[in-house]
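This report concerns only the one structure given below.
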Amino acid sequence: MRHFVLTPDASSARRIRRLLSESRATSGVIVGEWSSLIEHARAAYLITPLDGVIDDWHASLTDAMAGIQDAFWSESFKLGPQDVVPEVARALQDLLVAAGPGGVLSLVPDGSLPARTRRNMNDLVRVWEATGNLLPADLQMARHVLNADASDVFHGLSVAHDPGMPTLDPWRRAVIEKLNRDNGPPPADLVDTLCDALSRAPRALETTSLGTLARTLFDVGAIRRDKDDTVHFVGTRDYLEEVEVAAGMVQNLARSKTHHADIGFLLPADADYVTTMRRVFAIAGIPLAGLPNVSTARDPGREAVYFFLMAHTGPMPSMALASLVSNPLMPWPAEVGQGLASDIMRNNFSLRLFDGASNNQQEMRDLIKEARDSRAKLPAQLTRFSSVLVADAGQSDAHSRAIAAIEDILKRLVVAPNLTAEVLLPDVAPEAIRCDSDVVWPKDGVAVFLENSEPWREVRHLFVLGFRSGHYPAAHGGSSVFNARDLLEINTQLGIPIRTPTDALSDARALFQRQLAATTDTVRFFVPRLDAMGKPLSPSESLTFMAQTMIDIKDAEDLIIDIDDTDRRAGIPDLALAGKKSAEPSRDMPVHDLSLGIDLLTIGSKEGDAFKRQSPSSLEKMIVSPLAWLLSTLSTEPHPWQPDVLNPAVQGSIAHDVFEHLFEVGKPIPDAKTIIERMPSLMDNAITQLFPVLR
């Protein structure tokens, strides 16, 4: 017989495992979250794994949505099915989860719901029926467990859980009840230990500011107390300064004999904090326990295929073409790709290669140029494209991902030869490649908690980073199908207990209080004033509720002490400050005339000319800044990648190109009829060469 202890998430499972191992024998006891329980239940009833079900669910839903022409998603589906299907799938899954294993979704009659709510509800029911009432993968597995016969049990499995945490939907409740019915209830002491651990009272003294926040934050009419030194609010420039200032505080705490294991950090759901914290704390020599070791990388393989397909849809934006020619899978060296991209951003679309370019390099250049021709055959083009792509040593699986994407497209074209590049583009949209590696858990490391997870150990000092609007608690994304009023109507009128944003907010607030309850001595909230782009940020909405628990605090903003506020900065404990240092006089900068040994005016001159002819704007630049003029003459000025703009310079270039071919040197000026006849083709050629996106 095995006993499964159900926890809200993986971090709380870690804490419960340690607690159980210290308090009782754990033979036959398994601790984990829901995904682990359902897998153990599958094994207990010898149910075959449902491989590929996730793909079947989304594929079936996509086909069903395409077959319904008058649904609320129809117009959006035509423009971007890859964006619409996940939203519809999430709304439908929420309904199925709320309805439970015994519930049936059916069309709603007129008058039972507001018009918009009823339409959206009925469209979801129609698309679900069109899939043959198919369930998502997790609900399918739950259905298999519920339908399993008690006599099929390979080994007993009971479930110990806290009824209030995690919040159990009807499916999860039914699975737990079946397991305990078929195998007997779990030991009572195991359930008591779990409930006591999950509902542990705050450790800070009730009379302190920290104890008050952990117990009564968000409570209406809670007792107010004087603010003390157990709670501090620190204002910083941005997230970079947050992490650096916090690292200095940890170092000062360590000097005062505070162990790293007594310190914890609570991070928002933001990859920038994880990356910055790993880098800064490594430099400071501070070990971290539980910091997620997850990073994302570009997908150059699918990018290459995506932009090559885009070239077949018509004139492509300059940045897209520049991304294609500078892709690391191109057959030319990286510096050549960067040069071609720089030329493109200067509106030079000739794709001229260096002398001695290899056959593969010329083939790729020709393929990109031919893609503009509507007569180009897509399957043949893709086959040739895959043959000249090269693997890059720095991009381990990029080449294989590109080849796999091309093969998938070619298979679709075999079944449906008339598919256009526009239709195929969503199939090869680049993805952020997630890179996971093992998380380290040093016993003496600073504990790292995440905003959406339970704390996994108790600490004395807690640092809350990113205390800004939309965090602590984390903002609920909501649904693009049903708003809060829609969900409330479905709940009250149809009796389907679907979760509302109010429910999500209540759970998030309770989690935040449990995170505060995990610290005993102090908590420090760091408030960034600016985001990474310099945009002003507001403090977390919870700051207002915190101020309401403190006496004589009229403005919540007064609680925050910015580190550049020299008058109040002394009120920030353990702040690491640089020592004073006398200014050093600047060194002398002697200026001498610079001679390169050549006449700069001869650069770029044509054969037979003494110097290169300069335009008025070029001469003006020379007068204002000779260095800027020289960089421009050498074509070494930086050309930032930016959207195509039909500015006067581009218009002038197109006009000059037309005039040069229309009024050729040494030939008679054409008459009006000849000009009118030649103008369209000359204009089209100039636009194609200089600014193709204008077409």
Side chain to side chain contact (heavy atoms under 4.5 Å, CB included) assessment of L389 paired with N327
CA-CA 10 Å; L389 287 175; N327 189 283; 5.9 Å; no
Test: [X] and [Y] ion pair at under 4.0 Å:
{"X": "D343", "Y": "R346", "answer": "yes"}
{"X": "E129", "Y": "R126", "answer": "no"}
{"X": "R401", "Y": "E431", "answer": "yes"}
{"X": "D408", "Y": "R412", "answer": "no"}

Looking at side-chain heavy atoms only, is the closest gap between [X] and [Y] below 4.5 Å?
{"X": "S681", "Y": "H661", "answer": "no"}
{"X": "R529", "Y": "R468", "answer": "no"}
{"X": "I406", "Y": "L410", "answer": "yes"}
{"X": "I433", "Y": "R298", "answer": "no"}
{"X": "W332", "Y": "L340", "answer": "yes"}
{"X": "R116", "Y": "N483", "answer": "yes"}
{"X": "F385", "Y": "M364", "answer": "yes"}
{"X": "S469", "Y": "E541", "answer": "yes"}

Hey, can you tell me if F663 and F659 have their rings parallel, tilted or perpendicular (30° and 60° cut-offs)?
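The arrangement is tilted - the two ring planes meet at 30° to 60°.
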More than 12 heavy atoms of other groups within 6.0 Å of [X] [atom1]:
{"X": "N647", "atom1": "CG", "result": "yes"}
{"X": "R352", "atom1": "CZ", "result": "no"}
{"X": "I598", "atom1": "CD1", "result": "yes"}
{"X": "R384", "atom1": "CZ", "result": "yes"}

[X] side chain to [Y] backbone, donor-acceptor under 3.5 Å:
{"X": "K612", "Y": "T633", "result": "no"}
{"X": "T636", "Y": "L631", "result": "yes"}
{"X": "E244", "Y": "V280", "result": "no"}
{"X": "E303", "Y": "P430", "result": "no"}
{"X": "N122", "Y": "V108", "result": "yes"}
{"X": "W57", "Y": "A89", "result": "no"}
{"X": "S74", "Y": "Q69", "result": "yes"}

Taking ring-ring contact (aromatic ring centres under 6.0 Å, His included) as the test, write out the residues that go with F307, two or more places apart.
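Scan of F307 (ring-ring contact (aromatic ring centres under 6.0 Å, His included), adjacent residues dropped) gives none.
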Contact summary for [X] and [Y], nearest pair of heavy atoms:
{"X": "P292", "Y": "R278", "result": "O-NH2, 2.5 Å"}
{"X": "G466", "Y": "Y273", "result": "CA-OH, 3.1 Å"}
{"X": "L134", "Y": "S60", "result": "CD2-OG, 3.7 Å"}
{"X": "P136", "Y": "L96", "result": "CD-CD1, 4.0 Å"}
{"X": "P331", "Y": "V390", "result": "CA-CG2, 3.9 Å"}
{"X": "V388", "Y": "E363", "result": "CG1-CG, 3.6 Å"}

Is a donor from one side chain sitting under 3.5 angstrom from an acceptor on the other, for [X] and [Y]?
{"X": "S358", "Y": "N360", "answer": "no"}
{"X": "S480", "Y": "E87", "answer": "yes"}
{"X": "D599", "Y": "T602", "answer": "no"}

Would L600 and W629 satisfy side chain to side chain contact (heavy atoms under 4.5 Å, CB included), going step by step from the backbone distance to the final call?
CA-CA 10 Å; L600 299 180; W629 171 85; 3.9 Å; yes
Between L682 and D657, does the side chain to side chain contact (heavy atoms under 4.5 Å, CB included) criterion hold? Intermediate values first, please.
CA-CA 8 Å; L682 292 176; D657 188 86; over 6 Å; no
Only pairs at least two apart or in different chains count here, so list each salt bridge (charged side-chain N to carboxylate O under 4.0 Å, His left out) that has a residue in residues 330-342.
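For residues 330-342: none.
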Side chain to side chain contact (heavy atoms under 4.5 Å, CB included) between D270 and Y239: does it pass, once the steps are laid out?
CA-CA 10 Å; D270 188 332; Y239 74 93; over 6 Å; no
Test V481 against every option in L487, N120, D486 by the side chain to side chain contact (heavy atoms under 4.5 Å, CB included) rule and name the one that passes.
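Only match with V481 under side chain to side chain contact (heavy atoms under 4.5 Å, CB included): N120.
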To the nearest 0.5 angstrom, please state how far the CE atom of M65 sits from the CG atom of L124.
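That separation rounds to 9.0 Å.
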